[in-house]
Amino acid sequence: MKTMKGFSFWQHALSFTFLVFLFFPSLGIFSQKAVMGQPLYTNSRWIVNGSGQRVKLACVNWVTHLEVVVAEGLSKQPVDVISRSIVDMGFNCVRLTWPLFLFTNDTLASLSVRQSFQKLGLTESIAGFQANNPSIIDLSLINAYQAVVASLASNNVMIILDNHISKPGWCCSNFDGNGFFGDRYFNPDLWIKGLTEVAAMFCGINNVVGISLRNELRGPKQNVDDWYRYMQKGAEAVHAANPDVLIILSGLNYDKDFSFLLQKPVNLTFSGKLVYEVHWYGFSDGKAWETGNPNEVCGRLVNDMMRKSGFLLDQGYPLFVSEFGVDLRGTNVNDNRFLNCFLGWAAELDLDWALWTLVGSYYLREWVAGKDESYGIYNWNWCETRNSSFIQRISALQSPFRGPGVSESRPHKIIFHPATGLCVQRKSLLLKPLELGPCSEAEAWGYSPQKTLTIKGTYYCLQADALGQPAKLGIICTDKSSKWEAISDSKMHLSSKLCDGSEVCLDVDSNNVVVTNNCKCLSGDSSCDPGSQWFKLVDSSRHGTSSTKSFSRMDDSILFNLAKTLAESLRSW
């Protein structure tokens with residue numbers, strides 16, 4: 001088999017191996033121990049390893065498809081520093097973008113990193129690159145891409161190779177010539193050739209776990225017939241060249257619509273490898289979050305997502321949210337409201353996902369040198385995180401709540417608070433109020449058909465006490481203050497009634513204590529933000545604190561036994 005530059009596949013493989021040990025001699029990249037169970041497969045809606053245990057993709061997007069055609073940030077930090085920081089921030093995966101022409105155009109692929117910067121007049125970036133990554137700056141662009149893959153692999157990061165665009169540049173618009181098959185820069189045959197090249201080049205590199213065939217199909221030429229024709233052809237080509245990778249298919253209309261699959265499923269010769277990807281941003285629906293009532297907008301748009309793509313989970317396919325993100329400066333009302341809704345939805349469905357983006361600033365974006373990225377995890381200089389509280393907020397979603405092999409305890413519910421990324425927990429049975437804390441220490445709840453929330457392994461249920469007061473735990477769980485129902489269009493207000501019949505909702509005070517207040521922002525009002533009152537009951541089989549923990553404090557033990565005795569007496573009475 002010949003590659004685009006006349007070299008054999010094995011020459012490419014050997015050159016990649018040489019690069020690995022030249023720049024990262026301590027990798028052990030090809031050992032099974034280093035990669036912990038790749039390749040990956042699908043088991044109904046879950047992604048699993050060879051042992052059948054769920055592997056949740058908690059990824060971040062690292063951009064390599066702009067005009068320079070080099071992974072962003074390497075003029076600011078050594079590649080290995082960035083790779084390690086990805087792991088330190090809790091991500092286990094990178095969606096590494098690439099432009100088609102990098103793998104199909106000889107002239108572009110053989111250009112050195114230094115020459116690419118020089119052509120674009122980016123002399124300042126050259127100096128930074130020379131200081132931080134001297135071993136990469138004079139590599140060809142294609143070998144520099146391999147070196148980034150090698151660095152990620154050395155840090156045991158899973159990699160999804162995403163064909164983001166054809167002609168290097170910022171993505172995306174309806175008329176950029178990269179949107180759909182037959183567009184100016186989107187020749188289907190050349191695309192198949194590039195996919196085959198990439199799949200073969202990284203065959204046997206276990207950390208490369210998936211290939212995303214094309215990002216955000218769009219534009220006036222998009223149609224269902226060509227989608228089936230070419231996406232199936234591309235999937236078969238990748239699988240033939242590399243049967244170990246997941247095959248990831250995007251939908252129509254900027255990767256938001258798979259509704260056509262309800263009438264006709266994809267027809268492939270292989271199984272156990274197919275994943276669908278979807279994108280969702282606050283700006284996907286204009287200013288709807290800012291100008292509408294957040295409960296109504298959240299309910300409507302979640303229903304829309306389920307109708308267009310979420311149904312795939314019920315059909316037995318993994319759904320990978322390969323792009324979502326927000327302005328991390330925290331001042332964008334539209335994004336802030338969207339994020340609360342998105343995190344509740346993603347937690348409830350326990351989705352695989354990839355955050356947009358790692359990038360703090362770009363070498364060149366839309367012909368602006370050093371452009372800042374407000375959606376970036378890193379800040380402009382790639383030295384600090386832009387918003388450390390955001391990383392904490394998404395940490396609960398970086399581990400699976402459930403799925404094959406996630407069975408540390410019996411199935412239960414956790415009460416997740418999207419606005420903080422924390423979960424309801426208790427410090428003692430009765431003497432301290434319930435409060436928010438890390439979801440790794442979340443209380444394990446049972447939710448009965450009678451709508452009571454009971455701590456697993458105890459007689460205690462959640463009760464509303466008084467307006468503005470902490471929610472409490474009690475043992476008489478039949479009155480109306482012990483019934484909790486998800487109300488409002490968002491289905492994230494947990495509502496109960498006080499003894500006088502007035503309706504209250506769970507809320508959080510300034511000390512993260514769980515209280516009950518008047519339900520707010522249920523409908524109509526667009527100026528009101530219900531975020532503090534949004535909670536999501538999430539199915540989990542993660543380790544639950546209450547089901548296994550012993551009561552270390554004497555007050556807990558005594559109160560528990562007293563409550564148990566009293567409850568039994570009440571039942572017999």
Test your reading of the model: is there a side-chain donor-acceptor pair from [X] to the backbone of [Y], 3.5 Å cut-off?
X	Y	answer
Asp183	Tyr185	no
Asp335	Val326	no
Arg45	Gln315	no

Task: Residue that, paired with Asn178, satisfies side-chain contact (heavy atoms from CB on, under 4.5 Å) out of Glu216, His164, Arg214 - done: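 For Asn178, the side-chain contact (heavy atoms from CB on, under 4.5 Å) test succeeds with only one of Glu216, His164, Arg214, which is Arg214.
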Quick one: do the [X] and [Y] side chains pair a donor with an acceptor below 3.5 Å?
X	Y	answer
Asn215	Asp255	no
Asn174	Tyr254	yes
Glu277	Ser212	yes
Glu236	Thr269	yes

Are there over 12 heavy-atom neighbours, none belonging to [X], within less than 6.0 Å of that residue's [atom1]?
X	atom1	answer
Lys371	NZ	yes
Gln392	CD	no
Gln118	CD	yes

- [ ] May I ask you to say whether Asp138 pairs ionically with Arg114, meaning some side-chain N is under 4.0 Å from a carboxylate O?
- [x]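 Salt bridge: yes.
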Task: Check: Tyr230 ring centre within less than 6.0 Å of Trp191 ring centre - done: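 No.
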Task: Sub-6.0 Å ring centroid separation between Tyr228 and Phe260 - done: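 Yes, ring centres under 6.0 Å apart.
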Task: Parallel, tilted or perpendicular: rings of Tyr363 and Phe129 (30°, 60°) - done: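 Aromatic pair Phe129/Tyr363 classed tilted.
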Open item on the list: Show, in sequence, the C-alpha distance, side-chain angles and deciding distance for Trp367 and Leu364, and conclude whether the side chain to side chain contact (heavy atoms under 4.5 Å, CB included) test is met.
Closed with: CA-CA 6 Å; Trp367 305 109; Leu364 184 72; 3.5 Å; yes
Open item on the list: Using the ring pair (Phe, Tyr, Trp, His ring centres under 6.0 Å) criterion, which residues pair with Phe175? Sequence neighbours excluded.
Closed with: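 Partners of Phe175 by the ring pair (Phe, Tyr, Trp, His ring centres under 6.0 Å) criterion come out as none, since no residue qualifies.
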